[in-house]
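Inspection log for the structure reproduced underneath, given as structure tokens.
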Amino acid sequence: MAKIVKTHIFCYDDHRGFAEDVRKRFTDLSRYNVVSFQTREEFIDRLEQEKEHNYCKVAILGLHDTKEQFEMIDKLTMEIKKIDPATGLILLGPPDKMEIIKKAVKFNIDAYIPKNANSILRIHNAVKKLISEHGIVIFRKRSNHSIYVLFGFLLLTIILIIVAYFRLPQYF
């Protein structure tokens with residue numbers, strides 16, 4: 001039976017516009033831990049505390065209409081990826097400014113979601129996608145480890161057969 005992966009969702013919401021909706025959507029406490037922050041310093045401090053752990057982490061960043069905030073979020077995303085490159089990033093912004101946001105914040109973003117009636121469902125789907133990618137990475141590491149063990153065992157078996165062939169030729 002597969003182990004339940006605990007996902008930590010960090011919401012940076014300085015106006016408290018979407019954090020409660022996200023918390024209501026992810027209510028299963030055995031699978032999700034939703035934490036919201038209003039200040040950048042608290043947000044970064046919490047991410048630095050959590051960087052040592054190997055669970056799935058998702059950061060949801062809320063944007064507003066100002067160009068200065070787009071630049072600040074771009075710097076924040078770079079800082080988040082510097083702290084922990086495995087953290088998934090989701091940007092939530094105004095629908096009429098999404099093209100400007102995509103041009104201003106180009107790198108390290110997993111999903112751009114406009115604020116509308118469907119934004120919580122889109123956030124839920126993006127988080128599920130990031131959880132799946134995290135699981136794939138874990139299973140790929142386990143699979144590679146198993147293959148290395150198998151090749152090591154085969155190599156050891158071949159070496160033992162060659163040694164036995166030269167030491168005990170009457171059995172071959």
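Index from 1, following the sequence. Values below: every heavy atom of this structure, side chains too, minus hydrogens, waters and symmetry copies.
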Where [X] and [Y] come nearest, the two heavy atoms and their spacing:
X: N108; Y: M78; answer: ND2-SD, 4.1 Å
X: D110; Y: K81; answer: OD2-NZ, 4.5 Å
X: S119; Y: P114; answer: CB-O, 3.4 Å
X: K57; Y: D84; answer: CE-OD2, 2.5 Å
X: L121; Y: R25; answer: CD2-NH2, 3.4 Å

- Query: Other hydrophobic cluster members with L160, side-chain heavy atoms of Ile/Leu/Val/Met/Phe/Trp/Tyr under 4.5 Å, chained?
  - Reply: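 Listed partners: L156.
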
- Query: If you link I, L, V, M, F, W and Y whenever their side-chain heavy atoms are under 4.5 Å apart, who else ends up in the same group as I123?
  - Reply: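 Other cluster members: I9, F18, V22, F26, Y32, V34, V58, I60, I90, L92, I113, I120, V127, L130, I131.
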
- Would you please name every residue forming a side chain to side chain contact (heavy atoms under 4.5 Å, CB included) with L168, sequence neighbours left out?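 Counting only residues at least two positions away or on another chain, L168 forms a side chain to side chain contact (heavy atoms under 4.5 Å, CB included) with Q170, Y171.
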
Quick one: [atom1] on [X] to [atom2] on [Y], what's the gap to the nearest 0.5 Å?
X: Q69; Y: I73; atom1: CD; atom2: CD1; result: 5.0 Å
X: R23; Y: D21; atom1: CZ; atom2: CG; result: 10.5 Å
X: Y112; Y: L89; atom1: OH; atom2: CG; result: 9.5 Å
X: C56; Y: E133; atom1: SG; atom2: CD; result: 9.0 Å
X: Y12; Y: L63; atom1: OH; atom2: CG; result: 10.0 Å

- Query: Which pairs count as side chain to side chain donor-acceptor pair (under 3.5 Å) when at least one residue sits in residues 139-154, sequence neighbours excluded?
  - Reply: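 Not a single pair qualifies under side chain to side chain donor-acceptor pair (under 3.5 Å).
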
When the side chains of residues 94-105 are checked against the rest of the protein, which donor-acceptor pairs come out under 3.5 Å, sequence neighbours left out?
none

- Query: Just wondering, more than 12 heavy atoms not from K6 lying within 6.0 Å of its NZ?
  - Reply: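 Yes - once you tally the heavy atoms of other residues, nucleotides and ligands closer than 6.0 Å, there are more than 12.
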
- Do I83 and T87 have side-chain heavy atoms sitting under 4.5 Å apart?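 No - every pair of side-chain heavy atoms lies 4.5 Å or more apart.
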
- Got V35 and N33 here, is their nearest side-chain heavy-atom distance under 4.5 Å?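 Answer yes - side chains close enough.
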
- Query: Any chain of hydrophobic side-chain contacts (each under 4.5 Å) joining I162 to I159?
  - Reply: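 No, because I162 and I159 fall into different hydrophobic clusters, even though each may have its own neighbours under 4.5 Å.
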
Which pairs of donor and acceptor atoms, one on a side chain in residues 37-45, lie under 3.5 Å apart (sequence neighbours left out)?
unit_1: T39; atom_1: OG1; unit_2: E42; atom_2: N; d: 3.4
unit_1: T39; atom_1: OG1; unit_2: E42; atom_2: OE1; d: 3.4
unit_1: R40; atom_1: NH2; unit_2: E79; atom_2: OE1; d: 2.5

